[in-house]
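Here's the structure we're looking at; comments come further down.
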There are 2 protein chains.
Amino acid sequence: MWGMTLTQSTPIGADRTESCASGPLAHPRPEGADQYTISEVAGFTGLSAHTLRWYERIGLMPHVDRSHTGQRRFRNRDLDWLHFVGKLRLTGMPVADMVRYAELVRAGDSTYGQRRELLVRTRRDVLARIAELQDTVAVLDHKIGFYADAHEASERH
Amino acid sequence: MWGMTLTQSTPIGADRTESCASGPLAHPRPEGADQYTISEVAGFTGLSAHTLRWYERIGLMPHVDRSHTGQRRFRNRDLDWLHFVGKLRLTGMPVADMVRYAELVRAGDSTYGQRRELLVRTRRDVLARIAELQDTVAVLDHKIGFYADAHEASERH
DNA sequence: CCCTTGCTTCGAGCGCACTCCAAGGAATTA
DNA sequence: TAATTCCTTGGAGTGCGCTCGAAGCAAGGG
């Protein structure tokens with residue numbers, strides 16, 4: 001559904017579905033009046049303006065609108081995309097893979113299958129990572145318990 | 001309990017406790033006959049020999065025994081340490097922080113409090129990371145659902 | 001005795017994801 | 001209008017965590 005932000009060819013409904021899934025992702029300005037400078041977007045996303053320009057250069061951002069003088073004017077759909085990219089980034093997905101996903105989006109609806117596959121694979125990796133981290137928590141708990149015991153013992157004597 | 005690998009001053013029992021918590025961490029050779037070359041350890045841990053030497057250089061490894069010709073001879077306690085470091089690495093902890101922990105271990109028993117604190121902080125971070133990832137899984141599920149629906153719709157027509 | 005394999009050191013190089021710089025144009029505020 | 005602040009570009013630089021290369025020593029097999 002991010003594809004539509006580029007191709008404008010996907011039904012509006014998909015976008016609503018997304019907002020609803022991502023939780024509290026209210027747009028700062030309503031549809032139609034959504035124009036943001038790069039520094040505003042930097043503020044919203046926590047990314048630097050440098051990074052936003054870099055994302056565009058490497059193809060991780062769809063082409064962003066420009067003002068008549070050539071300055072970037074981000075729109076709500078760009079914020080949505082960045083929000084999703086942020087999620088992918090959290091998974092530890094390499095930027096190159098995110099670019100690959102962006103390319104699939106640009107390529108149009110015929111890539112649904114490949115996009116889905118990529119997301120499914122990512123999901124699997126994330127679940128594995130969660131399991132790994134839970135295992136690590138167990139080890140940490142054990143060690144923390146040891147230090148607590150040691151502390152107790154030293155108090156007891 | 002990693003301290004003892006360096007100071008040899010902590011009761012044996014602690015080590016057993018550790019092995020048991022980490023699950024299947026059987027040592028390839030029994031205590032007393034535990035001598036491993038760097039490439040053996042590389043094989044066990046998945047780290048490269050280069051990385052193992054680098055760990056030692058930056059202070060992330062306790063001093064490793066040497067053969068009479070100067071070659072490293074790793075012991076079971078070194079494997080244990082590397083196993084734990086691997087866990088810390090999985091959490092995304094920067095190497096510098098792991099080195100800090102190693103320094104605390106080298107500094108002796110008086111640093112129990114600081115070590116515990118560091119582990120508690122790490123534990124908190126790991127739990128936060130798990131929550132983040134779970135949130136991401138929800139987003140992925142939503143998107144995957146969208147692609148599944150799109151596929152269905154295209155089949156239906 | 002030579003050959004291969006594996007180890008040693010130090011220091012340089014790499015891939016990733018930014019991060020920053022310089023020089024100059026554009027928008028806003030006094 | 002002037003000053004200030006923000007934006008543009010291309011390219012260079014940074015920090016992290018390795019990763020590799022070169023030169024040389026040591027041990028075992030044919």
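We name chains A, B, ... by the order of the sequence lines, and we start the count at 1 in each one. Computed from a prediction, not measured in an experiment: that's the story for all the values here.
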Rounded to whole angstroms, how far apart are [atom1] on [X] and [atom2] on [N]?
{"X": "A:Gln71", "N": "D:dT8", "atom1": "CD", "atom2": "P", "value": "5 Å"}
{"X": "A:Leu82", "N": "C:dC18", "atom1": "CG", "atom2": "P", "value": "12 Å"}
{"X": "A:Ile58", "N": "D:dG11", "atom1": "CD1", "atom2": "P", "value": "16 Å"}
{"X": "B:Arg66", "N": "C:dC7", "atom1": "CZ", "atom2": "P", "value": "12 Å"}
{"X": "A:Asp97", "N": "C:dG15", "atom1": "CG", "atom2": "P", "value": "17 Å"}
{"X": "B:His68", "N": "C:dC7", "atom1": "NE2", "atom2": "C1'", "value": "12 Å"}
{"X": "A:Asp65", "N": "D:dC7", "atom1": "CG", "atom2": "C1'", "value": "16 Å"}
{"X": "B:Arg73", "N": "C:dG6", "atom1": "CZ", "atom2": "P", "value": "13 Å"}

By nearest-heavy-atom nucleotide on DNA chain C, the more 5' of A:Met93 and A:Ser67 is A:Met93
Looking only at non-hydrogen atoms, find the nearest pair between [X] and [Y] and report the distance.
{"X": "B:Ala49", "Y": "B:Ile38", "value": "O-CD1, 3.5 Å"}
{"X": "B:Arg75", "Y": "B:Tyr36", "value": "C-CE1, 3.9 Å"}
{"X": "B:Arg129", "Y": "A:Thr91", "value": "NH2-C, 4.4 Å"}

Assign the ring pair B:Tyr101 / B:Trp81 to parallel, tilted or perpendicular, where the plane angle (0 to 90°) is split at 30° and 60°.
-> parallel
Answer with base, sugar-phosphate or nothing: what part of the nucleic acid does [X] contact at a heavy-atom distance below 4.0 Å?
{"X": "B:Arg57", "answer": "base"}
{"X": "B:Arg72", "answer": "sugar-phosphate"}
{"X": "A:Arg89", "answer": "sugar-phosphate"}

In residues 37-55 of chain B, which ones come under 4.0 Å of DNA chain C, going by heavy atoms?
-> B:Thr37, B:Ile38, B:Ser39, B:Arg53
Look only at the side chain of B:Thr111 and the backbone of B:Arg115, and say whether a donor-acceptor pair between them is shorter than 3.5 Å.
-> no
N/O (side chain, A:Thr69) to phosphate O (OP1/OP2, D:dC7) under 4.0 Å | no
Picking from D:dG17, C:dA26, C:dA17, the nucleotide nearest the side-chain atoms of B:Val95 would be D:dG17
If you measure only the distance, is there a donor-acceptor pair under 3.5 Å linking the side chains of A:Gln114 and A:Arg100?
-> yes
Under 4.5 Å between any side-chain heavy atoms of B:Val85 and B:Tyr55, yes or no?
-> yes
